[in-house]
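Structure record follows, encoded as structure tokens.
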Number of protein chains: 2
Amino acid sequence: MAQKETVERILDAAEVLFAERGFAETSLRTITSAAGVNLAAVNYHFGSKKSLIQAVFVRFLDPLVDEIERQLNQLQTVKERLTVEDLLQVLTSSVYEIHGRGSNRATSFMRLLGLAYTQSQAHLRKFIGERYGVAFQHYASHLKPALPGATAADLFWHMHFALGTAIFTMSNFDALRAMSENDTGERTPVDFIVSRLTAFMAAGLHNAAHE
Amino acid sequence: MAQKETVERILDAAEVLFAERGFAETSLRTITSAAGVNLAAVNYHFGSKKSLIQAVFVRFLDPLVDEIERQLNQLQTVKERLTVEDLLQVLTSSVYEIHGRGSNRATSFMRLLGLAYTQSQAHLRKFIGERYGVAFQHYASHLKPALPGATAADLFWHMHFALGTAIFTMSNFDALRAMSENDTGERTPVDFIVSRLTAFMAAGLHNAAHE
DNA sequence: GTAAGTTTCAAACGGGCGTTTAGCAGGAAA
DNA sequence: TTTCCTGCTAAACGCCCGTTTGAAACTTAC
């Protein structure tokens, strides 16, 4: 009990602080003092800072990937060929299913996903690729029939364009919303942004098939 | 002469190394030894590491922003209302104009632009906003008539969706191209990627006006 | 109640960091 | 020739980092 509490508290603090400042910029001392545990606890329970970073991702991604898989399979029993819009919908509703609609844990974690790409943490990218590569390929395999006429190269690039749009937007969510509030004078509702984002991605993806 | 050489060599090394590893992860010792200059030279010529980071951005962005402005003005003497495609074309041809088509300095710098968003360098975002905010607004002002029917919120969000797509793709350019080569077995030409990227962005942007 | 095993803790370790300092080299000005 | 100034440099400063250690505190099992 006491153990689980410590581990859980470290993960909670690390998830928030990594998202706010990045991995290299967040020290173990900052994490452990925010979590109210001893500095040595990280190395005792996780072994190293690298392993802690990976553990943060596992705790979030494992249930999310399972939920996506579940929704994909369920949808397939109803429709034979899924549309681009279906596939994007699966992503957002999976996040909602796990965390509820207004969760800022989700947007905070999207920032982590973005950091995983842009920060120099080769071990993390390798780890994510190894652990979630199959699930990613499975999801991608549904996109091919949804975009008839697109070549393999088309698919690859347009999928990553869409991925980039989502990751960039989500990972800078708070900053963008603050800027928009400055510009237009009113706070944009999350649902509006999400629906516009998916529409943007869908329009771009469809473009892959029409050439 | 001797001075300029040292300053220039520090900027060259810093630009490459920051892009490869990020700001916090690149030490002044790494930069100065790569540049072949003394460690203290950075603080002597730039004052601090923060100022060095800003100087890297100024050296790249100042000429680029000027070129974009020039092309915008020139285009306006020919056409009264610029299209989305025109505006995107200005961006790519400005980069080409300054660095030539195949330059990897451009893609390397795009990575820096991405890092400026995602890394915790508040001073840098503030600096960029202050120095280039006006130019950004000017560019954005051309987008409004190009997308009739879009509200201010539509414009803001779709523009940042597009920005995110570009920054994410460019800043992970090498990694993405390596993945694609793994997948499809052949190396995608830069021109193909750029043209698909702009088409993706244009399709998404047009989507803002049609609702 | 005692032994064994787990978890927590304060303290220290070696190392890398950004920055500062005091002095050196060498051309320009007098 | 001397004086000044700018560019440069070796060495050191204090600080924070991730990790390790050895003992204390607590649980569990017999």
Side-chain angles (χ1 to χ4, degrees), chain A residues 1-59 112 115-116 119-127, chain B residues 1-57 59 112 115-116 119-124 126-127:
Chain A
M1 170 63 91
Q3 175 203 353
K4 196 183 175 195
E5 223 168 53
T6 300
V7 167
E8 219 59 28
R9 286 164 66 169
I10 292 174
L11 286 171
D12 287 342
E15 188 175 304
V16 172
L17 289 167
F18 282 151
E20 277 175 6
R21 323 181 185 188
F23 305 114
E25 297 88 342
T26 307
S27 70
L28 294 187
R29 281 167 177 83
T30 307
I31 294 172
T32 50
S33 81
V37 304
N38 187 270
L39 167 62
V42 169
N43 287 279
Y44 176 76
H45 286 290
F46 297 94
S48 69
K49 186 178 181 181
K50 283 185 181 178
S51 303
L52 169 61
I53 295 175
Q54 297 178 1
V56 167
F57 277 83
V58 166
R59 186 175 67 146
L112 279 186
L115 293 185
Q119 296 222 308
S120 83
Q121 299 278 347
H123 72 96
L124 180 58
R125 277 186 291 277
K126 184 160 170 276
F127 174 79
Chain B
M1 173 60 92
Q3 175 205 352
K4 197 180 174 196
E5 223 167 53
T6 299
V7 168
E8 218 62 26
R9 284 165 67 171
I10 291 174
L11 286 172
D12 287 342
E15 187 174 305
V16 172
L17 289 167
F18 281 150
E20 278 175 5
R21 322 183 187 186
F23 305 114
E25 296 88 341
T26 308
S27 71
L28 295 186
R29 283 168 176 81
T30 307
I31 294 171
T32 51
S33 81
V37 305
N38 187 271
L39 166 62
V42 169
N43 288 277
Y44 176 77
H45 286 291
F46 297 93
S48 69
K49 187 179 180 179
K50 283 185 181 178
S51 303
L52 169 61
I53 295 175
Q54 296 178 2
V56 167
F57 277 82
R59 186 174 68 146
L112 280 185
L115 292 186
Q119 298 225 311
S120 82
Q121 299 280 343
H123 72 95
L124 180 58
K126 183 161 170 275
F127 174 79

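Letters A, B, ... are given to chains in the order of the sequence lines, protein chains preceding strands, and every chain is numbered from 1.
- Listed nucleotides dT20(D), dT7(C), dT20(C) differ in distance to A40(A); the shortest reach to its side chain belongs to dT20(D).
- Rounding to whole angstrom units, CZ of residue R21(A) and P of dC16(D) are separated by 14 Å.
- Among the atoms of the strands shown, none is found under 4.0 Å from any heavy atom of A41(A).
- One finds no side-chain N or O of S27(A) lying less than 4.0 angstrom from the OP1 or OP2 phosphate oxygen of dC16(D).
- As rounded to whole Å, 14 Å separates atom P of dG18(C) from atom CZ of F23(B).
- For T6(B) and dC8(D), the shortest distance from a side-chain N or O to OP1 or OP2 is below 4.0 Å.
- Close to dT7(C), at under 4.0 Å from its OP1 or OP2, lies a side-chain N or O of Y44(A).
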Legend entry - Steps toward side-chain contact (heavy atoms from CB on, under 4.5 Å) verdict (N38(A), Y44(A)): CA-CA 10 Å; N38(A) 187 270; Y44(A) 176 76; over 6 Å; no

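- Taking atom CD1 of I10(B) as the reference point, atom P of dC8(D) lies 8 Å away to the nearest angstrom.
- Look at NZ on K49(B): it is 14 Å from C1' on dC16(D), rounded to the nearest Å.
- In this structure, the separation between CZ on F46(B) and CD on Q54(B) is 11.5 Å, given to the nearest 0.5 Å.
- If L39(A) and R29(B) are placed on DNA chain C by their nearest nucleotide, the residue sitting closer to the 5' end is L39(A).
- How far CD of E8(B) is from NE2 of H45(B): 11.5 Å, rounded to the nearest 0.5 Å.
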Inset, instruction - Could you give me the CA-CA distance, side-chain angles and deciding distance for F57(B) and L124(B), then say whether side-chain contact (heavy atoms from CB on, under 4.5 Å) is met? - result: CA-CA 9 Å; F57(B) 277 82; L124(B) 180 58; 3.5 Å; yes

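- Summarising the geometry, the separation between CG on L28(B) and C1' on dC13(D) is reported as 16 Å, rounded to the nearest angstrom.
- Shown are V7(A), D12(A), T6(A); of these, the side chain to side chain contact (heavy atoms under 4.5 Å, CB included) with I10(A) is made only by T6(A).
- At dT8(C), one or more side-chain N or O atoms of H45(A) fall inside 4.0 Å of OP1 or OP2 (strictly under the cut-off).
- Across all strands, T26(A) comes closer than 4.0 Å only to sugar-phosphate atoms, never to a base (heavy-atom distances).
- In this structure, N38(B) places its CG atom 12 Å from C1' of dC24(C), rounding to the nearest Å.
- R9(B) has its CZ atom 14 Å from the C1' atom of dG7(D), to the nearest Å.
- If you take CD of E5(A) and C1' of dT8(C), they are 14 Å apart, rounded to a whole angstrom.
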